[in-house]
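The structure appears below as structure tokens.
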Amino acid sequence: MPQDTQQLTTWQYIQRRTQHGDVFFWFITLSFALAVVGLVAVIGFVIWNGSELARERFGLSALFQDGWNPIRGNFGALPAVYGTLVSSMIALCLAGPFGVLIGVFLTELCPQWLKTPLSFFVELLAAIPSVVYGLWGVFVFAPFFRDHVAIPLANSVGQVFPLLGGTVTAGRSLMVTGIILAIMILPTIAAISRDVIAVVPNHQREAMLAVGATRWEVIWKAVLPYARAGIIGGMMLGLGRALGETMAALMIVGGQKSRVPESLLEPGITAAALIASELPNANDFLHESMLIFMAFVLFGITLILNGIARMLVWYSARGPVGSIRA
Amino acid sequence: MEDIKAHRSPLALQRTVAERTIGHVQAESRTTRLQIANFSFYYGAFEALRDISMEIRDRQITAIIGPSGCGKSTLLRSINRMHDDTPGARGKGMIAIDGTNIYAHDADPIMLRRRIGMVFQRPNPFAKSIFDNVAYGLRVLGWRDRNAIAERVEQSLRKAAIWDEVKDRLKSSALGLSGGQQQRVCIARAIAPQPEIVLMDEPCSALDPIATLKVEDAMLELRRDYTVVIVTHNMEQAGRVSDDTAFMLMDSQTRAGLLVEFGATGNIFTNPKDQRTEDYISGRFG
């Protein structure tokens with residue numbers, strides 16, 4: 001009996017010692033996780049509050065109006081919303097397939113000796129500061145694109161499709177911005193694709209091989225469907241970066257704020273570039289408030305697109321238990 | 001291993017014995033389907049298999065047994081060249097199906113795999129419906145006719161002894177099935193294109209005893225039409241289902257896999273010629 005009591009107290013001692021540790025650990029992780037929610041709430045509150053003046057004056061209708069002219073007090077934000085969406089979509093459409101194929105090559109087809117150097121270069125692409133991309137875009141890519149792609153395109157296809165037509169003057173345009181953004185988000189999409197494809201279990205590949213599939217079929221029908229959710233997640237990260245990219249976009253997009261360009265080959269504006277370019281000149285409260293409103297809109301666009309992506313993953317990748325999610 | 005015996009009903013045991021007996025009667029008329037001659041296999045400089053020779057007979061179940069690391073799986077996977085994409089892996093010698101060397105220079109591994117079905121150690125269905133899983137091999141072969149596919153899927157699921165359990169939910173995900181059911185769906189997938197040979201790499205090692213018996217029933221069913229080669233850790237299983245047995249061991253010095261003895265299962269288990277076989281069978285090592 002005395003031994004029993006002693007043993008019991010030992011156990012109680014251990015229990016007391018460990019039980020608090022777990023609660024403590026749980027509390028720390030919980031508070032860190034809640035901090036993220038808190039941050040989003042604070043940022044949301046600040047931009048909601050700061051944009052009150054603009055919201056009351058113009059409301060959501062400002063998002064669908066042309067003509068941005070702070071001096072006259074006109075704040076039509078449609079060109080910025082349009083430019084943001086269009087340049088990001090161009091970027092995603094170019095970098096998406098490209099990045100996934102890079103990921104496929106790196107994991108499935110690449111010879112061992114090439115893997116590390118190639119991965120290194122992909123990651124190097126991510127390490128270049130956006131202002132460098134902007135400079136390169138302005139001085140090298142935009143003139144090249146204007147002379148060898150934009151002008152011939154506007155003179156041929158552009159005669160039929162106004163979206164690719166118009167008068168190409170400066171090299172700066174939404175199209176060039178989209179392409180530069182594509183290069184900038186490419187490493188994100190490629191690296192995430194590579195990582196999610198690398199963890200597709202080998203038994204899925206073997207099952208496909210064993211029914212007599214070619215390498216292409218193994219990748220297309222077994223590997224990519226399994227990694228689909230993760231790949232979409234990677235694309236969304238890339239898209240988020242494209243939507244918010246400021247410096248490179250500001251340098252290349254052309255700063256056409258007053259109207260929605262008819263052609264992708266004409267200058268435009270994105271929301272982020274608009275905010276950055278006008279902030280030094282925003283001297284009255286309305287102008288300032290309008291810029292904060294634009295930040296709120298950008299926030300909203302990102303949120304909505306991410307929501308759509310979530311739903312896409314949810315509905316398209318319903319079946320696969322154990323497939324990779326990002 | 002005792003567990004499995006305990007779960008087997010006397011009726012099922014009798015039936016197995018009956019099947020086996022029929023097997024040995026038929027055995028006389030069965031010709032060689034798959035010939036392995038002086039086959040060695042290397043991973044880089046490491047010799048994984050040394051000079052293996054055996055003849056696998058048509059529409060028989062041949063079991064490959066032996067302790068872990070003796071090269072059983074390597075040998076099995078050499079038969080449909082699953083090692084082709086492994087860097088540094090290569091085979092030497094001959095493996096021939098109906099006299100045609102599958103390691104010849106002009107042999108196409110993809111065509112080869114279409115003639116050979118394979119079932120893996122872990123059930124590995126695709127994240128698709130049961131129906132689509134079984135239809136996959138057919139679609140890879142270019143089948144388009146829906147009715148023909150549906151018919152073949154049903155036939156394959158019946159052969160794999162799983163039809164009655166899944167016929168009402170062919171459209172639901174194969175991942176929702178139990179491990180044993182998944183494995184039989186994988187068997188159905190392997191046999192749907194009607195391959196000439198079915199390879200099974202420890203198909204029951206991840207399954208419980210009851211599921212194991214069901215998969216064994218499926219194997220005996222397959223034996224009517226297919227040549228089956230099975231790698232197994234489980235000697236009772238080899239005894240229950242196989243007609244011929246190959247016993248392999250790892251060379252203690254070089255760690256290369258060797259074929260110790262090959263012959264009719266009855267002989268291997270009751271009257272082994274090699275002392276090492278007898279030691280292994282009687283559980284003295286391995």
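All chains are named by letter (A, B, ...) in the order of the sequence lines, taking the proteins before the strands, and each is independently numbered beginning at 1.
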Surrounding CD of A/Glu123 (heavy atoms of other residues, nucleotides or ligands, distance under 6.0 Å), is the total greater than 12? yes
Is it true that B/Asp85 and A/Arg205 make a salt bridge, defined as a side-chain N closer than 4.0 Å to a carboxylate O? no
Could you name the residues of residues 97-111 of chain B that have a heavy atom within less than 4.5 Å of a heavy atom in chain A? B/Ile110
In terms of heavy-atom contacts, does CZ of B/Arg139 have more than 12 from other residues, nucleotides or ligands at under 6.0 Å? yes
Between the side chain of B/Arg114 and the main-chain N/O of A/Gly212, is any donor-acceptor distance below 3.5 Å? yes
Are more than 12 heavy atoms, taken from residues, nucleotides or ligands other than B/Tyr43, located less than 6.0 Å from that residue's OH atom? yes
Contact part of B/Ile116 toward chain A, heavy-atom cut-off under 4.5 Å: side chain, backbone, both or neither? backbone
Looking at B/Pro125, is its backbone amide N or carbonyl O close enough to the side chain of A/Gln204 to form a donor-acceptor pair, meaning the two atoms are under 3.5 Å apart? yes
For A/Phe98, I'd like to know if atom CZ has over 12 heavy atoms of other residues, nucleotides or ligands within 6.0 Å. no
Can you tell me which portion of A/Glu206 sits under 4.5 Å from chain B's heavy atoms? Options are side chain, backbone, both or neither. both
Need one label for B/Arg77: side chain, backbone, both or neither, based on atoms under 4.5 Å from any heavy atom in chain A. side chain
So which atom in B/Phe126 and which in A/Ala222 form the shortest heavy-atom distance, rounded to 0.1 Å? CE2-CB, 4.4 Å
Give, as side chain, backbone, both or neither, the part of B/Tyr136 having an atom under 4.5 angstrom from any heavy atom of chain A. side chain
Hey, is NZ on A/Lys115 packed in by over 12 heavy atoms from elsewhere, all under 6.0 Å? yes
Would you please test A/Leu209 and B/Met118 for side-chain contact (heavy atoms from CB on, under 4.5 Å) and show each step? CA-CA 10 Å; A/Leu209 267 184; B/Met118 185 154 190; over 6 Å; no
With the side chain counted from C-beta on, respond yes when B/Arg113 and A/Val211 share a heavy-atom pair under 4.5 Å apart, and no when they do not. no
Which atom of A/Ala207 lies closest to which atom of B/Asn124, heavy atoms considered: CB-ND2, 3.3 Å
